[in-house]
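One-based numbering along the sequence shown. The model shown is predicted, which means the values in this text are computed figures rather than measured ones.
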Amino acid sequence: MAQISAVLYLYVNVCCIILSNVALEYYTKAPEVTARGHFIIGGMFPLHRGVDRYNSSFAPQSHKCVRLSVGDIVLLLAMMNAIDLMNKSPFLMDLDITLGYRVHDSCRDVSMGLRATADFIEQTKCGTGHASSPCDQPVVAILGSSFSEMSIVVARHLALDMIPQISYSSTAVILSDKLRFPSFMRTVPNDQHQIAAMIQIIKHHGWNWVGMVITDGDYGRSALEHFADQAAKSGICLAFKCILPNTGTAEDLNYAFRMAVQTIYQNPKAQVIVSFSKSSHMKDIYQEMRNEVLRKGQSMESMRRVWLASDSWSMASYVQGDLSLADIGQVVGFNFKTNKASSFNEYLDRLEATGSNNTSSDTLLQEFTRLTNTSDPSGNAVLPSQAVKTIRENMNPATVSSVELALAAVAQAIASLCRSRDCKTPGNLQPWEVLEALRGNEFDCNGRKYTFDNQGDINQGYDVTLWRSIEGKIDVHDIVAEYSPQVSSFTLTDSNSTGRFHDLQRIVSKCSNSCMPGEFKKTSEGLHTCCYECINCTENYYSNDTDMDECMSCDKKTEWSPQGSATCLPKTVIFFTWQDRFAVALLAFSGLGILLVLLVSALFLHKRDTPVVRAAGGPLTQVILYSLVVSFISVVLFVGRPGSLQCKVRQVLFGVSFTVCVSCILVKSLKILLAFQSNIEIQGALRKVYQSYLIVVACVALQVIICICWLVLKSPYKHVVLQPKTMLEFCHEGSYVAFGVMLGYIALLAFVCFVCAFVGRKLPQRYNEAKFITFSMLLYLTSWMIFVPIYITADGVYLPAVEMVVILISNYGIIGCHFLPKCYIILFRKAQNTSSAFREKLYQYNVKSTESFSVSGTSVSEKHFNNKESVRHSPSEKDFVKPGAEKNYSNRATFRVSYRGQNKVSDRCSSHRRSLSLPAFPD
């Protein structure tokens, strides 16, 4: 009870200083607070905010500490409470050993810290014979310091004797290097994890253009270096960096703050600022920002920013000064994990309930009274409740937990060593043994297990807080998320915090506006990668996300995209479709042609014994007609999406069918040539080789061989032509040479038909095949001559239609020239489709031919008319009339004609006229 009363009296004195705003007086002796025990744990706390460096003497001496830091006094009290609890713990009571402490005030000054370190090292040599003066119990471990700059300096000295040093808030990354700081440990994670957490926050909200403010020193410089490195890897750019001097005259500091504020205002796009600064510096920055706004006559809204506060000031609400949170903006703080099972709050509750003014002779109180050197001028006592309230307002629960964790680790390490040895004798337990036990053993604190990692750190993660204003006061303890370094991710605490946390996404902190899908970032040379212009993706390239560095290429075989596209579009497959109007028209003509051919075939079968049908070729007409049907069917294969089989069949089907048709017409042409060949030798030779069906088979067989060779060696196939927006599918002929040979062969047969038919073009019109063959073959040759250059030079979806048109023209040419005139006679001129009409027409033709011959006969030599062989072997009616028909025409050998002015006709002339007689019904 006496100790509790003494501590409470200490609180009262401290609170008197704060509440009455009494100036502190100076002291010259090195401040310290001590308590005896078997093992002494050193403590280094910045109980004051600085030192008075005014010194007119060159003699070495301690500086005077000024400006009491209530928040760090709370840490001192947390240490005292934790040691008291450890001394009451079973693992120390069973060994009958106790822990004491020796605390120095570093006053946030390196020289003061070095003096304290020298004192700790001197104490460790007690009992070893190396002490230069009488001493108390040795110091086996050091707790501190708060700031990384101080810890770095102290750790270098303590490493000489391997005295374990455990910091509760020094986070510089460099301290994890065990080669340089082998005896340093800490119960908090290093800044590399804090920076990673900040990077995650920045990326989560889509920011990439941020500023950074640091306090000069090892802590700030290390944070700047690691943040810049991790930010660059994550695509985040530093718009500016302000380095505030750690020390200097008031004039120099004010100038540095003014320059930093001007830099902030000159970068209005950087709405997010990362700060690894001292809390006192942040307070000065905010005040200077307000002054700058007032000087420029701007609104207070212009100073609002999102501040990412490091653990060095994330809990220091006093930085607002006389500003409100609405003036400052949003503050996202990162703080160490808080142990909710901490006993410090209970300790404060007990102190608040049991206050006393006793124990003025207590050593601890005397030490602390001398340290603060304070008194209440009015003599009024401060109420315990108000003293405890002041303590709570200046308490950082996370740092208190770190202090308790460090002391638990030291206490349990000492206990583990003392179970097997006598530890009450000074010198039996060395600091380096405690260091070894700390690094190798697991320890317990408030029901949880902990261990130091290979770098001497305990990494529990971070609490992410979002400052909020409650009744004009700032609450810095509102935890909105927790960060776990093990998985590098955030866990939002509740729905309310989630909403407030995501509200930050409305803040835009970018050098350039985001490039939308369909655009890519183009960075100008020499500028930050975060400063860019947005360029539309070119054709056949796309970007499907914001802020893409480059556009991705579409699959040019199957896809395309317009300029500035966010996705690729499938290419449209085009071909000569069934729905195309032109295709429908051509297919209609093909169907009409098939119907017409079938009707003609039926008519010719019905009238097969009439002179007109027999004159048209008899059975060969049916072969011609059905070959035309197949040719019309081949036209259908040129429409629709091409397939491999379709490409192979369509040309072969047309080529063979049309060859059959032209071969039959060739037979008819050769018969005309045979019938009217006046040369006896040639006529005899033609009669020997003339076999109608054999000729047709031979001609078709040759075409079949050509097509087989074509299909085997280089057959047609489905081909795709890639166009900008479409894929044209059509049948490639495989070998255009083979295609040309096939068409050329048909053209050759057609040309032979044309030549043969041209000879008999003056036969009787009604039954004359020669004229119609001539015209149809001329039409065929002309159309295909036009087709070839068009087919070679043209391309596109309508290329198959060109060949379809030519095939239809050829087919309709044969139908129109060979069959329709005969159908007309059969149906509408039935009187002309009789034997008597045929004989009359033949008679008229012979008379006309004889008259023509007589008129021109004066120039004919007598030798020609005396040629009896010519009369004997000239084509007679028996050569062209069906067997059995001779009896009806016994007197048609010759026709006698009276010449104008000549009554007598010789027998020779009569013989010659017989040679001009015409067949009635060719086979």
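Counting only distance, with no hydrogens or angles, the side chain of S543 and the backbone of C551 share no donor-acceptor pair below 3.5 Å.
One finds no salt bridge joining D457 and K178 here, because no Lys/Arg side-chain nitrogen approaches an Asp/Glu carboxylate oxygen to under 4.0 Å.
The aromatic rings of Y483 and Y462 lie tilted to each other, with the angle between the two planes from 30° to 60°. In this structure, H205 and W207 have parallel ring planes: the angle between them is below the 30° cut-off, well short of the 60° mark.
Looking at I214 and F227, their side chains never come closer than 4.5 Å, going by heavy atoms from C-beta outward. Counting heavy atoms from C-beta on, the side chains of T117 and M44 come closer than 4.5 Å.
With 2.5 angstrom as the limit on SG-SG distance, C511 and C530 do not come in below it.
Residue pairs meeting the salt bridge (charged side-chain N to carboxylate O under 4.0 Å, His left out) criterion with at least one partner in residues 259-276, sequence neighbours excluded, are absent.
Scanning for side-chain hydrogen bond (donor to acceptor under 3.5 Å, both in side chains) contacts around S509 gives an empty result, with sequence neighbours left out. Here E292 pairs with R295 under the side-chain hydrogen bond (donor to acceptor under 3.5 Å, both in side chains) rule; sequence neighbours left out.
For D463 against E482, the heavy-atom pair with the smallest separation is OD1-CG, 3.7 Å.
Counted by atom type alone, T187 and Y450 present zero donor-acceptor pairs between their side chains at under 3.5 Å.
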